[in-house]
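The residues of the chain are indexed from 1 along the displayed sequence. Computed from a predicted model, the values in this text were never measured in an experiment.
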Amino acid sequence: MNDKVMVTSMVGGTISASSLEHRVWNKKGQKLPVSKDVLREAIYEPGVEYMFRKGILYIDDMDFKIELGLEAEGTKDPTEVLHVDDKYLNRVLKLMPVFEMKAAIDKMSIVQKQELVDYASKQNDIQLDRLAIVSEKCNVDILKTIELNRQKGV
């Protein structure tokens with residue numbers, strides 16, 4: 001039986017968690033192994049639980065997420081904490097039907113919505129009606145954000 005699980009950073013920037021074996025994630029998408037026993041104890045710390053519930057840190061192992069209480073019993077696909085990466089954000093913004101896009105954004109945490117806004121503001125080929133949905137669902141003026149990014153040269 002494997003006593004470690006891979007934990008992935010889902011946000012840009014550095015994340016440090018001393019209660020998770022002093023692990024430091026330096027970039028989005030970085031995966032580090034963490035002992036399951038350590039996670040079983042650390043999940044009761046509000047800051048650690050917050051990072052997993054809000055999608056800042058992510059565990060791929062569904063059975064272990066269920067054991068930790070991060071997903072409901074019998075769940076096969078993530079429902080509580082979504083795996084939000086650039087590929088998923090692209091799908092939400094450009095490929096999903098509008099009703100599915102709205103539902104997907106509603107399931108996102110505030111951190112994930114910020115990632116969506118950041119990603120959307122750097123794209124040049126998103127339809128205006130979809131940008132309007134992002135503005136409404138994320139409570140941000142996405143067109144103003146895009147304009148500011150262009151002025152800054154981002």
Side-chain angles (χ1 to χ4, degrees), residues 1-96 99-123 126 130-131 133-142 145-146 148-149 152 154:
M1 185 171 153
N2 190 355
D3 66 337
K4 295 211 180 249
V5 66
M6 295 305 285
V7 177
T8 307
S9 168
M10 301 306 294
V11 296
T14 301
I15 300 170
S16 177
S18 60
S19 57
L20 297 179
E21 300 176 331
H22 298 284
R23 296 289 194 241
V24 177
W25 292 263
N26 292 310
K27 61 183 179 178
K28 183 177 180 175
Q30 183 178 5
K31 295 181 179 222
L32 295 175
V34 178
S35 165
K36 288 183 177 181
D37 289 335
V38 168
L39 276 166
R40 285 183 187 107
E41 290 181 29
I43 198 69
Y44 292 105
E45 295 179 26
V48 172
E49 180 186 23
Y50 177 86
M51 287 191 285
F52 284 104
R53 291 222 181 264
K54 297 302 180 183
I56 297 168
L57 292 176
Y58 186 81
I59 300 170
D60 287 323
D61 185 334
M62 182 59 75
D63 292 332
F64 192 64
K65 285 197 306 190
I66 292 169
E67 179 184 331
L68 292 177
L70 297 172
E71 291 287 350
E73 191 70 36
T75 303
K76 299 292 180 210
D77 294 318
T79 56
E80 298 295 323
V81 180
L82 299 174
H83 183 235
V84 176
D85 57 10
D86 287 351
K87 183 178 176 182
Y88 181 75
L89 295 175
N90 187 64
R91 195 170 141 250
V92 169
L93 291 169
K94 299 176 185 176
L95 304 174
M96 284 182 177
F99 75 92
E100 192 177 333
M101 175 190 180
K102 289 178 179 180
I105 295 172
D106 287 340
K107 289 181 182 179
M108 290 180 181
S109 70
I110 190 79
V111 173
Q112 292 168 333
K113 286 179 181 178
Q114 184 59 50
E115 289 282 320
L116 178 70
V117 169
D118 290 345
Y119 184 83
S121 69
K122 295 174 184 164
Q123 303 302 305
I126 301 173
R130 290 177 170 268
L131 289 175
I133 293 167
V134 171
S135 289
E136 174 191 336
K137 296 285 185 184
C138 298
N139 199 25
V140 66
D141 185 346
I142 190 71
T145 303
I146 291 169
L148 289 171
N149 281 345
K152 289 192 272 183
V154 176

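For CD of E41, the number of neighbouring non-hydrogen atoms (other residues, nucleotides, ligands) closer than 6.0 Å is 12 at most. Sparse packing is recorded around NZ of K27, with 12 or fewer heavy atoms of other residues, nucleotides or ligands lying under 6.0 Å away. Other residues, nucleotides and ligands contribute at most 12 non-hydrogen atoms within 6.0 Å of the CG atom of N139.
Between T8 and D85, every side-chain heavy-atom pair lies at or beyond the 4.5 Å cut-off. Side chains of Y58 and K65 form a contact here, defined as non-hydrogen atoms less than 4.5 Å apart. Counting only heavy atoms from C-beta outward, the side chains of F64 and L70 never approach each other to under 4.5 Å. In this structure the side chain of E100 reaches within 4.5 angstrom of the side chain of R91, judged on heavy atoms. Side-chain atoms of Q123 and R130, non-hydrogen and from C-beta on, never get closer than 4.5 Å to each other. Residues W25 and L20 are in side-chain contact: their nearest non-hydrogen atoms beyond the backbone lie under 4.5 Å apart. Counting heavy atoms from C-beta on, the side chains of K36 and D61 come closer than 4.5 Å. Residues I59 and L39 are in side-chain contact: their nearest non-hydrogen atoms beyond the backbone lie under 4.5 Å apart.
Here the closest non-hydrogen pair linking A42 and V48 is O-CB, 3.3 Å. Considering all non-hydrogen atoms of both residues, V34 and E21 come closest at CA-OE1, 3.5 Å. Scanning all heavy atoms of the two residues, the minimum distance from K28 to G12 falls at CB-N, 3.9 Å. Scanning both residues, E73 and I66, for their nearest heavy atoms gives OE1-CG2, 3.5 Å. Residue S109 comes nearest to G55 through the heavy atom pair OG-N, 4.5 Å, listed as atom of the first residue, atom of the second, then distance. The shortest heavy-atom contact between K113 and C138 is CB-SG, 3.8 Å.
For the atom pair M10 CE and I56 CD1, the distance stands at 11.5 Å (nearest 0.5 Å). We find the CD1-CG distance between I15 and L57 to be 4.5 Å, quoted to the nearest 0.5 Å. Residue K31 holds its NZ atom at 15.0 Å from CZ of R23, rounded to the nearest 0.5 Å. Expressed to the nearest 0.5 Å, how far CG of L93 lies from CD1 of I126 amounts to 4.5 Å. Atoms CG and CD, on L131 and E136 in that order, are 13.0 Å from each other to the nearest 0.5 Å. Rounding to the nearest 0.5 Å gives a distance of 8.5 Å between CE of M51 and CD of E45.
Checking side-chain atoms of S9 against main-chain N and O of Q30 turns up no donor-acceptor pair under 3.5 Å.
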side-chain contact (heavy atoms from CB on, under 4.5 Å) between L68 and E49, worked out: CA-CA 10 Å; L68 292 177; E49 180 186 23; over 6 Å; no
Audit row: R40, E67, salt bridge (Lys or Arg N to Asp or Glu O under 4.0 Å) steps and yes/no: CA-CA 9 Å; R40 285 183 187 107; E67 179 184 331; 2.4 Å; yes
Working for side-chain contact (heavy atoms from CB on, under 4.5 Å), residues V24 and T14: CA-CA 7 Å; V24 177; T14 301; 3.6 Å; yes
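Each of L89, V111, V140 was evaluated against L116; a single residue qualifies, L89, per the side chain to side chain contact (heavy atoms under 4.5 Å, CB included) test. Partner of Y88 under the side chain to side chain contact (heavy atoms under 4.5 Å, CB included) criterion, chosen from Q112, E115, M108: M108.
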